[in-house]
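Heads up, the thing below is written out as structure tokens.
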Amino acid sequence: ITPTAIVRVAEETEEQIVNAARWAIEKESDCKSEVGRLAHEWTRKYARGRTDADFAELVGGLQRSQVQQRRQIYETFGDVCHSSGKLSWTHYREAVDWDDAEEWLAKANKQGWSVATMKREREEATVDNQAVDSTADAKCDSDTRVSVEGSNGSPHSDTVDVPNAA
């Protein structure tokens, strides 16, 4: 039985979580999100005011920022190591703060994009969307000038600005 299997039981102890995290760090090439899951569980059950820096110190081998990143990715995306996709850990690390992360990770997975390609595609789409939005705003802001007839039927000398209804 692995430390991970031990920790998955309902009555896990703080010591079991810390030991499982140490084991996962030793097997770092296997899965970074396992440490994120363990940090999440430790925070939820045992932190009591302690921080990611405290967890990093307990398990050793990681900085506070690494624990925080792994926990945040786990809390945002779940267990990314055992997903059936083609994405690397770096895909998730890059997208963790994006509001539209799920959409872009799905596209990257489907298309087999590298992290750089995923970022570029998203940036290009964002620039394209901003260009479309500003074009639409400019069109809505333009005014049409029309002549208004006076009450006696004769053309009035003034014009009225009418917002473009496009």
Query raised in the report: With sequence neighbours excluded, what pairs up with Glu102 under the salt bridge (charged side-chain N to carboxylate O under 4.0 Å, His left out) test?
Result: none
Requested in this report: For Asp97, enumerate each residue passing the side-chain hydrogen bond (donor to acceptor under 3.5 Å, both in side chains) test, keeping only those at least two apart in sequence or located in another chain.
Outcome: Gln72
Requested in this report: May I ask you to decide whether Arg122 forms a salt bridge with Glu103, counting only side-chain N to carboxylate O separations under 4.0 Å?
Outcome: no
Query raised in the report: Under the side chain to side chain contact (heavy atoms under 4.5 Å, CB included) test, which residues partner Glu123, sequence neighbours left out?
Result: Lys119
Query raised in the report: Sequence neighbours excluded, which residues qualify as side chain to side chain contact (heavy atoms under 4.5 Å, CB included) partners of Arg44?
Result: His40, Glu41
Query - Any donor-acceptor pair under 3.5 Å from Ser33 side chain to Gly36 backbone - result: no
Query raised in the report: Is atom CD of Glu15 surrounded by more than 12 heavy atoms (other residues, nucleotides or ligands) closer than 6.0 Å?
Result: no
Query raised in the report: Who are the side-chain hydrogen bond (donor to acceptor under 3.5 Å, both in side chains) partners of Thr51, not counting sequence neighbours?
Result: Asp54
Report summary line: Heavy-atom nearest pair, Trp42 first then Ile17, reads CB-CG2, 3.8 Å
Report task. List the steps and the verdict of salt bridge (Lys or Arg N to Asp or Glu O under 4.0 Å) for Asp79 and Arg37. Result -> CA-CA 7 Å; Asp79 184 4; Arg37 184 187 73 76; over 6 Å; no
Query raised in the report: Under the side-chain hydrogen bond (donor to acceptor under 3.5 Å, both in side chains) test, which residues partner Thr90, sequence neighbours left out?
Result: none
Requested in this report: Could I get the full list of side-chain hydrogen bond (donor to acceptor under 3.5 Å, both in side chains) partners for Thr76, not counting sequence neighbours?
Outcome: none
Query raised in the report: Is Phe77 isolated, or which residues cluster with it under the ILVMFWY side-chain rule of less than 4.5 Å, directly or via members?
Result: Ile73, Val80, Leu87, Trp89, Tyr92, Val96, Trp98, Trp104, Leu105, Trp113, Met118
**Report entry** Nearest-0.5 Å distance that lies between atom CZ in Arg48 and atom OG1 in Thr43
**Finding:** 11.5 Å
Requested in this report: Output all residues satisfying salt bridge (charged side-chain N to carboxylate O under 4.0 Å, His left out) with Arg22, sequence neighbours left out; order by chain, then residue number.
Outcome: none
Query raised in the report: Would you say the side-chain atoms of Gln16 pair up with the backbone N or O of Thr13, donor to acceptor, closer than 3.5 Å?
Result: yes
Query raised in the report: For Arg93, which residues count as a salt bridge (charged side-chain N to carboxylate O under 4.0 Å, His left out) partner, sequence neighbours excluded?
Result: none
Please list, one pair per line, the donor and acceptor atoms closer than 3.5 Å that link side chains of residues 55-64 to other protein atoms, with sequence neighbours excluded.
{"from": "Arg64", "atom 1": "NH1", "to": "Gln68", "atom 2": "OE1", "distance (Å)": "2.4"}

Query raised in the report: Going from CD on Gln111 to CG on Asn109, what distance comes out if it is rounded to the nearest 0.5 angstrom?
Result: 10.0 Å
Query raised in the report: Can you name the nearest heavy-atom pair linking Val35 to Ala24, along with the distance?
Result: CG2-CB, 3.7 Å
**Report entry** Criterion side chain to side chain contact (heavy atoms under 4.5 Å, CB included) on Leu38 and Val18, from CA distance to verdict
**Finding:** CA-CA 8 Å; Leu38 294 164; Val18 169; over 6 Å; no
Query raised in the report: Where is the tightest heavy-atom contact between Lys110 and Lys86, given as atom of each residue plus distance?
Result: O-NZ, 4.0 Å
Query raised in the report: Would a 4.5 Å heavy-atom cut-off, applied to side chains only, mark Glu34 and Arg70 as touching?
Result: no
Query raised in the report: Excluding sequence neighbours, so at least two apart, what forms salt bridge (charged side-chain N to carboxylate O under 4.0 Å, His left out) with Glu121?
Result: none
